[in-house]
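Here the structure is laid out as structure tokens; the discussion comes afterwards.
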Amino acid sequence: MLDIQNLRVSHGPIEAVHGISLQVGAGKCVVLLGPNGAGKTSTISAICGVAQASGSIMLEGADLSGVSVEDRIQRGIAVSPEGRRIFSNLSVEANLRLGGGIRTDRAEVQRDIERWFDTFPILGERRNQPGGTLSGGEQQMLAIARALMSKPKILLLDEPSLGLAPRIVAQVFDLIAQLRADGMTILLVEQNARQALKISDYAYLLNNGRIQAEGTAEVLGGSKDMMAKLTGLV
Ligand code: ATP
């Protein structure tokens, strides 16, 4: 589904990612682990087309270089960004409708919104309230639901558990596990290695802009040395 080769990402004169390669197969959940500043968000930004990048990013065999952010969304990339970035002054429902903004099937968009309200009744109860009045966990659910409203082929999740209470973190991981079970293709960025590996098929460890280790989530999660290294990073 997603094939990245020799990706370099720069912020002005600073190169944050120094030539990484990674793949996400259709229907797989792949996690990109690593400490603060490793280059995880820079990688996500490059996939979305909002960062200065070189190398190749292919989605379903098509090269995305030179493709605009809007066209990448049209081609099936959706992101739940770091910090959630809910439109805090817009209602919960308007946030979801914006997520489906590229779709023309209006009636189906409304049905999908109602489905999310069934899945997360708290969002339904607060459908007319500003998104900014939701708790952190509710905003995270809304951010993921909003991303899915565009009916993407691949969902990029940037640190969805960040800053949430453990009970809420468990709910967020449950939701991701459910999406995976439903066949969604997911690239997950996380610092919470233990929980992320449990719901992932394959993992990459990014450090200082380079991939330091990679392997199946089962192998990496089962390696005491690796887990000590990963959890030591958190
Ligand atoms: P975090 O979890 O803290 O977001 P990360 O792994 O996502 O970490 P990035 O945010 O991609 O890491 O940052 C990688 C490097 O690029 C860091 O050294 C960071 O300071 C730098 N960087 C990121 N964004 C910018 C920017 N807009 N301008 C300049 N440097 C940046």
Side-chain angles (χ1 to χ4, degrees), residues 2-24 29-57 59 64-65 68-69 72 77-86 88 136-137 139-140 142-144 146-147 152 154-166 168-169 172-173 175-176 185-200 202-215 217 220-221 226-234:
L2 183 73
D3 185 3
I4 295 179
Q5 297 291 336
N6 200 23
L7 178 71
R8 290 175 179 274
V9 188
S10 300
H11 303 287
I14 303 162
E15 190 176 86
V17 174
H18 313 296
I20 65 166
S21 297
L22 65 90
Q23 288 80 40
V24 185
C29 179
V30 171
V31 62
L32 193 53
L33 301 165
N36 279 331
K40 306 182 300 298
T41 298
S42 300
T43 302
I44 294 285
S45 303
I47 299 168
C48 295
V50 295
Q52 187 191 326
S54 70
S56 95
I57 302 176
L59 182 71
L64 293 183
S65 57
S68 69
V69 176
R72 290 179 198 222
I77 293 176
V79 64
S80 167
E82 186 175 18
R84 326 194 213 289
R85 309 272 179 90
I86 290 301
S88 51
Q139 289 192 22
Q140 186 58 61
L142 179 58
I144 295 175
R146 181 182 61 184
I154 183 166
L155 176 64
L156 312 176
L157 296 172
D158 196 349
E159 302 219 25
S161 77
L162 195 70
L164 302 179
I168 311 298
V169 169
V172 170
F173 279 110
L175 170 61
I176 301 168
T185 305
I186 300 167
L187 178 59
L188 170 65
V189 159
E190 262 299 332
Q191 291 197 38
N192 194 330
R194 207 176 289 282
Q195 299 203 59
L197 285 169
K198 276 191 201 143
I199 58 160
S200 298
Y202 201 83
Y204 295 89
L205 171 61
L206 195 61
N207 206 356
N208 285 325
R210 293 193 167 79
I211 289 177
Q212 217 175 37
E214 67 177 276
L220 287 196
M226 186 53 72
M227 282 316 287
K229 198 171 182 179
L230 289 174
T231 48
L233 292 170
V234 179

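Remember, it's 1-based here, ligands and their atoms both numbered in the order they're listed. Sequential numbering from 1 along the given sequence is applied to the chain's residues.
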Exercise for the section: State the atoms of ligand 1, each with its element, that fall below the 4.0 Å cut-off from a heavy-atom position in Ala38. Expected result: 5 (P), 6 (O), 12 (O)

Practice task
Go through ligand 1 atom by atom and flag the ones less than 4.0 Å from a non-hydrogen atom of Glu159.
Solution key: 2 (O)

Fill in the blank from the handout: Value for CG (Leu32) from CG (Leu206), rounded to nearest 0.5 Å, stands at 5.0 Å

Practice task
Pick whichever of Glu190, Gln52, Lys40 has a heavy atom sitting closest to atom 6 (O) of ligand 1.
Solution key: Lys40

Handout entry: Asn208 atom CG: more than 12 heavy-atom contacts under 6.0 Å
Key = no

Exercise for the section: Please report which non-hydrogen protein atom sits nearest to atom 3 (O) of ligand 1, along with the residue it belongs to and the distance in Å to one decimal place. Expected result: Asn36 OD1, 3.1 Å

Practice task
Could you establish whether Gly39 and ligand 1 come within less than 4.0 Å of each other, counting only heavy atoms on the residue side?
Solution key: yes

Exercise for the section: Compute whether any side-chain donor of one residue and acceptor of the other, for Ser161 and Gln191, lie under 3.5 angstrom apart. Expected result: no

Problem - Closest contact, heavy atoms only, Ile176 versus Leu188 - result: CD1-CD1, 4.1 Å

Exercise for the section: Please answer whether the main-chain N or O of Leu64 pairs with a side-chain N or O of Arg72 as donor and acceptor at a distance below 3.5 Å. Expected result: yes

Completion exercise
When rounded to the nearest 0.5 Å, the distance separating CD1 of Ile57 from CG of Leu7 is 5.0 Å

Practice task
Before signing off on this row, confirm whether Gly37 and ligand 1 have an N or O atom pair separated by under 3.5 Å.
Solution key: yes

Fill in the blank from the handout: So the atoms of ligand 1 within less than 4.0 Å of a heavy atom of Gln191 turn out to be 2 (O)

Problem - Interfacing atoms of ligand 1 (cut-off 4.0 Å, heavy-atom, Ser42) - result: 9 (P), 11 (O), 13 (O), 14 (C)

Exercise for the section: For atom 23 (C) of ligand 1, state whether the nearest protein heavy atom is under 4.0 Å away. Expected result: yes

Completion exercise
Here the atoms of ligand 1 under 4.0 Å from any heavy atom belonging to Ala16 are 14 (C), 15 (C), 16 (O)

Problem - Contact atoms of ligand 1, heavy-atom distance to Pro35 under 4.0 Å - result: 6 (O)

Problem - Minimum heavy-atom distance Ala193-Leu33, with the two atoms named - result: CA-CD2, 3.7 Å

Practice task
Would you mind running through ligand 1 and noting each atom that sits below 4.0 Å from a heavy atom of Thr41?
Solution key: 4 (O), 5 (P), 7 (O), 10 (O), 11 (O)

Handout entry: Protein non-hydrogen atom found under 4.0 Å from atom 13 (O) of ligand 1
Key = yes

Exercise for the section: Supply the atom-to-atom distance Leu175 CG to Gln140 CD, rounded to the nearest 0.5 angstrom. Expected result: 9.0 Å

Problem - Electrostatic pair Lys40-Glu82, nearest N-O below 4.0 angstrom - result: no

Exercise for the section: Identify the protein heavy atom lying closest to atom 27 (N) of ligand 1, giving its residue, its atom name and the separation to 0.1 Å. Expected result: His11 ND1, 3.8 Å

